[in-house]
Amino acid sequence: MTKKSGNKMIDKQRLTGFIRKEWLQIVRDPSSIVVAFVLPLILLFVFGYGVSLDSRNQPVAVVLETNAPEGRDFLASLRATRYLVPRLAVHRGEATTWLVSGDVKAIVLIGAEFGERLNGSVLPSQPGQAPVGAPIQVLINATDANTGRLLAGYVQGAWGTWLTHRSYTTATGLPTLVNVESRIWFNQELDSHKSIVPGLVAVVMTLIGALLTALVVAREWERGTMEALLTTPLTRAELLIGKLVPYFGLGMGGMTISVVVALILFGLPFRGSILLMVLSAAVFMLVVLGLGLAVSTITRNQFAASIIGITATMMPAVLLSGLIFDIRSMPKFIQLFTYVFPARYFVDILKSLFLVGNVWPVILPNLAALAFMATVFMTITVVKTRRTLD
Amino acid sequence: MNAAVTFRDLRKSFATEAGSTVALSGVNGAMAAGRVTGLVGPDGAGKTTLIRMLAGLLTPDSGSIELDRTARVAYMPQKFGLYEDLTVEENLTLYADLNGLDRTARETRFNELHKFTNLGPFTDRLAGKLSGGMKQKLGLACTLVVAPNILLLDEPSVGVDPLSRRELWQMVRALQETGITVLWSTAYLDEAERCDDVILLHDGAVLDQGSPAKLTERVDGAAWRALLPESNVRKRDLQRAAGRLPGVVDAQIRGRYLNVVMGQTGAAPDLSPIPALKGVTAERIAPRFEDTYLAALRGEGRATALARTHPDTPPTPKTNGVGQPVIETRDLTRRFGDFTAVDKVSFTVSGGEIFGLLGPNGAGKSTTFKMLCGLLPASGGEALVAGFDLGHARADARGRIGYMAQKFAYLGHLSVMQNMTFAGGVYGLSGKLLAERIEEALTTYNLHSYTDTPCSELPLGIKQRLALACAVLHRPAILFLDEPTSGVDPITRREFWGRINAMADEGVTVLVTSHFLDEAEYCDRMVIIYRGRLIAAGSPDEIKSAGGSKDGASLEEAFITLVENYDRDHPP
């Protein structure tokens, strides 16, 4: 009555039976559906809206010590930029207090000799005054270096714009000697969402993919179902494929949702080919599912597996994938370290596909690296999967 | 009689933090074809390791296993791998698929199995929603999908109520009639008696093997019983006194009888030194399987622990609070959604009493127990312990109770001493007083040689002693014991009850839960909870007569009758 199935590596009936069981478990237990479809949405919303590298509406104190009309004019132009919110301080002391307490991020000091300095007729420097030749002084709270640098740029930009504008409207203005015209490619508005969201998709899917499978093998051990499975003819290959197939489907579903959200909600362009997108997403999904399976197989414990899954994927994916911090500006040995994490390769691919197009020199090596990693994790899982309890 | 399975000199060690532990040290044995072999031993004896080896899931370090050429082995693990979010049918289908059963063969087999297990009407129910007994039947059905001729069952009756246990046995017997060889492992000695052959495993070695009849033959003439006269003397005082008589190795109360096992066969116990038993003569009875086990352990020189069971100092019964109601429940009710787990349960426990809260798993006894301990608020009625509702009472009221959890709540990586210090500290003992109490407990519970041993490495019996020592370090007036002796060997169980009796004599009120009805004989009074209701209350004798049992019948039979009557009168 038992069909002759011998010791075949993969038997269709066993495999489909096992996949059906996995699928039923997914459908009955909403937690994996939540992990696959709801978690990416939440993470994309939180990170997408929360993580922005643009600084807008930064409070800035302005100390106006001059009565020269140019001073008021410059203040008006500061008010006009959307990046800064000037707040007039009565004297330097008050402005300093604000800066120290964090109420403002910077002080723009328009000194008593603003008019004179502007027109080039300056007295020698006196202690406590702005240096010779500089009509305004900017003090920046750089405890957050990135914002500080941006602020300096904004004030400088506002000053430059004002000077240029002034040179057109007044005869006495300084002539503009050099004119720099910048062109920005791929992300014309310099909207940091556009550079972050593709990477974010990679980060979110790393976490989801690893979480999905990190739990499933460990769960079999914890609930004692693994022991019963081991007594059946189910082979290692069938066990692993049976675990991969349903979660691959779920993961790709989550990926699709993330991409759609990126396109619609964050208004990202898509300049590459969809086929290439699907291919690289599939390879990447195999890597992270494989990572989860490997962790799960080794620890046999759901809690440990999920903690390891998160720390091994999420943290490095955020910090070391080039999503926020440019890899090339990291120290050399840290750069080497980043090659270990799958997210960095996928971030590059996604940035290219979303913002630039099918840039083969970027996509091919990254895809090859991902394929290699998928093989490594699968091999680890196969080697660590035991058919006995020893 | 030919053997279906023979194993020789099986050895297995497992690596642990402190080196390695030996699970099996040279085990020899055989399973006779077409018979039910019982693999009997306490927790930690090596039963699961041996079964896993026979199932091919563990490789022995050395030794050999011989299987018949035609053997189709099926194995049901202790925690059988049912997928709780799959239905009965889906679970069966999965195991049919994994074992390569084709569609037509499957249909016939499923029909047979449904009929066999009575699971037919429940095919669409999720496995997680089945009762413990039904889960076990489904596990068995999934195991039987392949139509094996050798069936290995690892503790199939754990967590199963007496009714389902009886059904499981009937099923196994039915399987045996079709020619299947069965191995049934258990820690319950009364189950060993039902097997055709028994392999008695203790500490990774075979203590004895053979048919239960042959094994008990050896102690034939050593077991006696005496009808107890009506008197005011408490039965457990008589038991204690009898246990200290010369030549007696074990004395147990069984209803109205005092059962005694002698060290030598043939000679009747002389009960005359006990005033209350003057003129009472003992009659010879057939020994129980448990007596064999005791004898076998004695042969191994392990029975020395038994001597310590009965303290030399005569009991000094204290009267404070004795006879006064100490624990009281009135219409205690607990609902979870639509489901009423405990339905208007009322009982009273007097001071110095050993009171049993009995019932099958899922009947509501744990819920009642938790409400009494103040761990779960009641939906209706009240539960008073020493006059307090422990759910709201202050810490000092809680300090009057001691609690020993089902899974001994020790911290595995801490030593015995550290655990005791922690337990004492939790109850507010410190400094000199704590040191004194610990010293006293180490002596009373014979734990001196283990003070620095990490608890995870203690033998089960010692762990149990430690758990009790920790629970009573602060001298509680009331002691709650949750399934205290499940899975321990008979000597450890006797030792445990010896201590509990001694505490009751000192006026401590003891409330104990158990699904192991043999244990109920140790209780002064008990209630049986079934389907959330209190269905019987009284002394062991009263329960037995309520269940219509005759003298000497076990409480378990009485219990099954009571439950069946209840089901008949109150169809679910």
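Here is how names work: the chains are called A, B, and so on, in the same order as the sequence lines, proteins then strands, and each is numbered from 1. All heavy atoms count here, side chains included; hydrogens, waters and symmetry mates do not.
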(Q) Need one label for E238(A): side chain, backbone, both or neither, based on atoms under 4.5 Å from any heavy atom in chain B. (A) neither
Q: Would you mind telling me which of D11(A), T232(A), L15(A) makes a side-chain contact (heavy atoms from CB on, under 4.5 Å) with L98(B)?
A: T232(A)
Q) Which region of A96(B), side chain (C-beta onward) or backbone (N, CA, C, O), has a non-hydrogen atom less than 4.5 Å from a non-hydrogen atom of chain A, or is it both or neither? A) backbone
Q. Rounded to the nearest 0.5 Å, what separation is found between the NZ atom of K21(A) and the OH atom of Y95(B)?
A. 8.0 Å
(Q) Does I274(A) have more than 12 heavy atoms from other residues, nucleotides or ligands lying within 6.0 Å of its CD1? (A) no
Q: Locate the shortest heavy-atom distance separating L94(B) from F18(A); write the atom from each residue and the value.
A: CD1-CA, 4.1 Å
**Q.** F372(A) CZ: over 12 foreign heavy atoms closer than 6.0 Å
**A.** no
Q | Options L126(B), T143(B), D85(B), N91(B), ranked by heavy-atom pairs under 4.5 Å with chain A, top entry | A | D85(B)
Q) Just by modelled atom types, is the L101(B) backbone N or O under 3.5 Å from a matching donor or acceptor in the Q13(A) side chain? A) yes
Q. Chain A: which of V73(B), L86(B), T87(B), T93(B) shares the most heavy-atom pairs with it under 4.5 Å?
A. L86(B)
Q) Just how far is it from atom CD of Q78(B) to atom CD of E227(A), taken to the nearest 0.5 Å? A) 9.0 Å
Q: Scan for side chain to side chain donor-acceptor pair (under 3.5 Å) pairs involving residues 26-45 of chain A, sequence neighbours excluded, and state none if there are none.
A: R28(A)-E90(B), D29(A)-S31(A)
Q: Show the numbers, then the answer: is there a side chain to side chain contact (heavy atoms under 4.5 Å, CB included) between L57(B) and T231(A)?
A: CA-CA 8 Å; L57(B) 291 177; T231(A) 63; 3.9 Å; yes
Q.
Please enumerate all residues that pass side-chain contact (heavy atoms from CB on, under 4.5 Å) together with S280(A), with sequence neighbours excluded.
A. F346(A), I349(A), L353(A), L367(A)
